[in-house]
Amino acid sequence: MEQAYGAGKAGGTFDPITFFQQPQIILRIVSWIFSIVIFGCIANEGYVNRPDEVEEFCIFNRNQNACNYAVGMGALAFLCCAAFMALDVYFPQISSVKDRKKAVLADIGVSAFWSFVWFVGFCFLANQWQVAKPEDNPLREGADAARAAITFAFFSIFTWAGQAFFGYQRYKLGASSSLFSQDYTDPSQDPAGAPAAGTEYTGYSADMEANYDGSGGYQNQDY
């Protein structure tokens, strides 16, 4: 099938099985799950205190910025994954190649950005967990949640980098079909291409052939 930026001409039917089998979609779902895990681990078990304290502090060396970073980035990554999943569903219906190109470039840029964000987050959380004082959490509460957040932040680096890679692969495909021009618009959505109201196709008649003198092209030869 002739395609532009990894999708066929606008107007095709949506096949959910084929859609969810795409490597890029699988990575989006995995990244979406990782963001939920990171957000949930810190929001639920990321705050602890000493037995003689009432106020709870961030489990990562009592650094509130570390917990805020993990919770905030986890929530934003979740929303970003959902938004690009919706864009992936709508992408084959985009008739303009220019708009498809913009969507693919946005995908590459955002995915690369999130890969960097999780690299920073992994280094930040790992460092704060390493320097955390045992006396601040003598019962080791939330330790598994903290390690899980660090681990999935590390994995998220590669899932988002993978999405950027597959987005770049789609970008390289470009407009590989003559069906698509840079200004292509789906004819069903272009009012200028529609026939005038009341116009009726008259079809071909024998009178047309009788009145044709052959001056504009091929003429029959007598043999």
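- Proximity of Val117 to Tyr69: side-chain heavy atoms (C-beta onward) are separated by under 4.5 Å at one or more points.
- Residues passing the side chain to side chain contact (heavy atoms under 4.5 Å, CB included) test with Phe158, sequence neighbours excluded: Phe154.
- Taking hydrophobic clusters as Ile, Leu, Val, Met, Phe, Trp and Tyr residues chained together by side-chain heavy-atom distances below 4.5 Å, Val131 does not share a cluster with Ile42.
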**Report entry** Test log, rule side-chain contact (heavy atoms from CB on, under 4.5 Å), inputs Phe57 and Arg50
**Finding:** CA-CA 9 Å; Phe57 297 91; Arg50 298 173 182 171; over 6 Å; no
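- Here the side chains of Phe60 and Ile150 are in contact, with some heavy-atom distance below 4.5 Å.
- Summarising the geometry of Val71 relative to Ala43, their closest heavy-atom pair is CG2-N, 4.2 Å, with the distance given to 0.1 Å.
- Hydrophobic cluster membership is shared by Tyr168 and Val104, with clusters built from Ile, Leu, Val, Met, Phe, Trp and Tyr side chains linked at under 4.5 angstrom.
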Side-chain donor-acceptor distances from residues 25-33 under 3.5 Å, at least two apart:
residue	atom	partner	partner atom	Å
Arg28	NE	Asp88	OD2	2.4
Arg28	NH1	Asp107	OD1	3.4
Arg28	NH1	Gln163	OE1	2.7
Arg28	NH2	Asp88	OD2	3.4
Arg28	NH2	Asp107	OD1	3.1
Arg28	NH2	Asp107	OD2	2.8
Ser31	OG	Leu27	O	2.9
Ser31	OG	Thr159	OG1	2.9
Ser31	OG	Gln163	NE2	2.9

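- Between the CD1 atom of Ile94 and the NZ atom of Lys101 there is a distance of 14.5 Å, given to the nearest 0.5 Å.
- In terms of the side chain to side chain contact (heavy atoms under 4.5 Å, CB included) criterion, residue partners of Ser115 (sequence neighbours excluded) are, by chain and number, Ile157, Trp160, Ala161.
- Not counting sequence neighbours, Arg140 has no partner by the salt bridge (charged side-chain N to carboxylate O under 4.0 Å, His left out) test.
- The heavy-atom pair separating Ala164 from Ala112 by the smallest distance is CB-N, 3.9 Å.
- Atoms CG and CZ, on Asn49 and Arg62 in that order, are 7.5 Å from each other to the nearest 0.5 Å.
- Taken from CD in Glu45 to CG in Asp144, the straight-line distance is 8.0 Å, to the nearest 0.5 Å.
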Pairs of donor and acceptor atoms involving the side chains of residues 118-130, under 3.5 Å and at least two apart or interchain, shall be tabulated with distances.
residue	atom	partner	partner atom	Å
Gln128	OE1	Asn61	ND2	3.4
Gln128	OE1	Asn63	ND2	3.3

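- When all heavy atoms of Ala70 and Ile38 are compared, the closest pair comes out as O-CG2, 3.9 Å.
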Query - Worked check of side-chain contact (heavy atoms from CB on, under 4.5 Å) between Val48 and Glu56 - result: CA-CA 5 Å; Val48 297; Glu56 293 184 335; over 6 Å; no
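- To the nearest 0.5 Å, atom CD of residue Gln22 and atom CD1 of residue Ile17 are 13.0 Å apart.
- Under the rule for a disulfide (SG to SG under 2.5 Å), the partners of Cys67 that lie at least two apart in sequence or sit in another chain are Cys58.
- Contact record, Ala103 with Phe91: CB-CE1, 3.9 Å, taken as the closest heavy-atom pair.
- There is no path of hydrophobic side-chain contacts, each under 4.5 Å, that joins Tyr171 to Phe165.
- The hydrophobic cluster containing Phe166 does not contain Trp114, counting ILVMFWY residues as joined when their side-chain heavy atoms lie under 4.5 angstrom apart, directly or transitively.
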Query raised in the report: Can Arg170 and Gln24 be said to form a side-chain contact (heavy atoms from CB on, under 4.5 Å), step by step?
Result: CA-CA 10 Å; Arg170 281 204 301 177; Gln24 187 169 4; 3.6 Å; yes
